[in-house]
Amino acid sequence: MLWLHRGLSVAAVMGLVVGTRAFWQANAMSRPWLALVLTGAYLVMLIAAVVALCASRHRVLARLDAGVLVTAIVIKLVAAWPGVSGAKALTVDEGILMDAASRALAKGNNPYTSAWPGIDPALPTQLMDGRTVFDFGYPPLGVEIGAVFQRLFPSMTGIVLVAWLAVFATAVFVFTVAPGPLRPIATLGVLGLGTFTGYADNAYPSVVALPFLCLALWGWPRIGRTGRLGWHGLVRAVALGVACSIHQLGWFLALFLVVGLVVLRLGELGLARTFGLMLRYGGAALAVFVLSSLPFIVTTPHAWLTGVFEPLLQHAVPHGQGLMGITHYIIGGSAALDWYGHATIALLLALLAAFGLHLRTLGPAIAVLPWMIFMVSTRSQDGYWLLTMPLWLVALVTTTRADFAGAWRVPLPRREAVTAALFVPAAAMFVVAVATPQPLEFTVRTPVAAGKNLPELTVEVTNRSDEPVRPNFSVATGATIASFWTVEAGPETLAAGATGTYTLVPPTKTFKIPAEGRTILRAVSDAPQTLSSIRLTN
């Protein structure tokens, strides 16, 4: 196994190179002392590579791996400094809203009753009903922590500092719980690949939750094995509650943890004792969630409830790298986008059931299964699962197939056929969403040419569906519906079978059609959720 350990150590050293030159170039003139630190890191890389290739004992490699982790943290500290110090602005709406909410809370204001419409209109999430998200839509613990750091370090961007500390804590945690020969994958997977740099710089709330998700997943099959929750289980339950109090992604992992623990313990403890164990486990996690939200539950319950559930219920415009792209980017539209949402729920239920039925086989995959549902959702950004990749490492190094060998099995004939049938409803709903044609047909009355200004756009729209549609229009030049155009003339609602002429004005003074690439007119509606498109240029 020495050769494998050496190989992983070399890979971790190689991972240090990712992005380092960019950090060096960014600091060479303005902050040369930081660039000099990176030069030292380059020297460490070369020495570490020599040691990794020549080491003849695991003990030498273990010390090397710790040094490489420290070097990786130093490199990322240099990368973090512009964002933490405020010299580098946040560039995504998630981070901007997290920062604004943290600063508001640090001043004693309620983030759930505030809004920040001054954000660049190209950044925030657009909704199917034509509104734009300018408010805070996450559980509060992340910004509560951010507010504390903002008060302690008022000249810095507190929430960015919290996000970076969370990334470092995740790397150190995975490194610590991994067996010695596998420790290099913590450095490589969390810090070396560069995946988390941009997310930490923009204070994604899921990054803040990441170390707590890792702790909740650490050796989870051992929770309650003796029938008692114990400190082992209590710590993990509290960590799960903390993660769920920061970002909604934790909610999905919690569902799989509960199903997995129930199936694991049923065969050992029986129904009554398993039920009591899960009450204590879920109660501890729920208590953390309630305590972190209690000030807002008491003072502004409706605003808190709306904010916490907003990302799940807001009906955002389609975006992401999932199968929804068949409708959005290839076909161009559908009158049944609601069915993507139905398919997402059906897929979640099917995955939970399959996980419970096949826990002996699928138990180690708990770190991946919850995020598969985003492949069929209308918001299917890869960040929803990219940011959970350190959980894969935790599952790899702290669980084995043997942990699930004694899991209770439902006595079920034709198990494989039943499992396949679980996914039929989700597949059928997905097909409905894809196969239903777009409701609106367009005839563009304004000449449109590549590279020319477009001060307004007149388009004749016919509703070919059986439902009234209230369209909201956007001219998209990329993958995202960035902002809506103003309807200066045209019916607010287009009845089934009706035709209307719309005059659309861009959100800016004028709009220039790009000289190259496609320009697409898109129209979305809510209740029912629909998408319709037509190419303005090729």
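As a basis for the values below, the full set of heavy atoms in this structure was taken, side chains included, without hydrogen atoms, waters or symmetry mates. Values in this document were obtained by computation on a predicted structure and should not be read as measured data.
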Could you check whether [Y] and [X] have their ring centres less than 6.0 Å apart?
X    : Y    : result
Y138 : Y112 : no
F309 : W251 : yes
W164 : Y204 : no

Using a strict threshold of under 4.0 Å (side-chain N to carboxylate O), is an ion pair present between D526 and R470?
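No, R470 and D526 are not salt-bridged.
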Without placing hydrogens or testing angles, list every side-chain donor-acceptor pair under 3.5 Å for residues 169-190, not counting sequence neighbours.
{"from": "T170", "atom 1": "OG1", "to": "A166", "atom 2": "O", "distance (Å)": "2.8"}
{"from": "T176", "atom 1": "OG1", "to": "V172", "atom 2": "O", "distance (Å)": "2.7"}
{"from": "R183", "atom 1": "NE", "to": "F175", "atom 2": "O", "distance (Å)": "2.9"}
{"from": "R183", "atom 1": "NE", "to": "A178", "atom 2": "O", "distance (Å)": "3.1"}
{"from": "R183", "atom 1": "NH2", "to": "T176", "atom 2": "O", "distance (Å)": "3.3"}

For D135, check side chain to side chain donor-acceptor pair (under 3.5 Å) against everything at least two apart and list the hits.
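Checked D135 against side chain to side chain donor-acceptor pair (under 3.5 Å); zero matches.
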Please work out which of the three classes, parallel, tilted or perpendicular, describes the rings of Y384 and F374, given edges at 30° and 60°.
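Judged by the thresholds at 30° and 60°, the geometry between F374 and Y384 is tilted.
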Looking at side-chain heavy atoms only, is the closest gap between [X] and [Y] below 4.5 Å?
X    : Y    : value
L210 : Y199 : no
L264 : W408 : no
F196 : L387 : yes

Distance-only check: which donor-acceptor pairs under 3.5 Å involve side-chain atoms of residues 285-298, not counting sequence neighbours?
{"from": "S292", "atom 1": "OG", "to": "S245", "atom 2": "OG", "distance (Å)": "3.3"}
{"from": "S292", "atom 1": "OG", "to": "V288", "atom 2": "O", "distance (Å)": "3.3"}
{"from": "S292", "atom 1": "OG", "to": "F289", "atom 2": "O", "distance (Å)": "2.9"}
{"from": "S293", "atom 1": "OG", "to": "F289", "atom 2": "O", "distance (Å)": "3.4"}
{"from": "S293", "atom 1": "OG", "to": "W304", "atom 2": "NE1", "distance (Å)": "3.0"}

Answer yes or no on whether R236 is positioned over the face of W218, meaning its NZ or CZ is under 6.0 Å from the six-membered ring centre and within 45° of the axis.
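Here R236 passes the 6.0 Å and 45° test against W218.
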Assess whether atom CE of M372 is packed by more than 12 heavy atoms of other residues, nucleotides or ligands within 6.0 Å.
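Not more than 12 within 6.0 Å, no.
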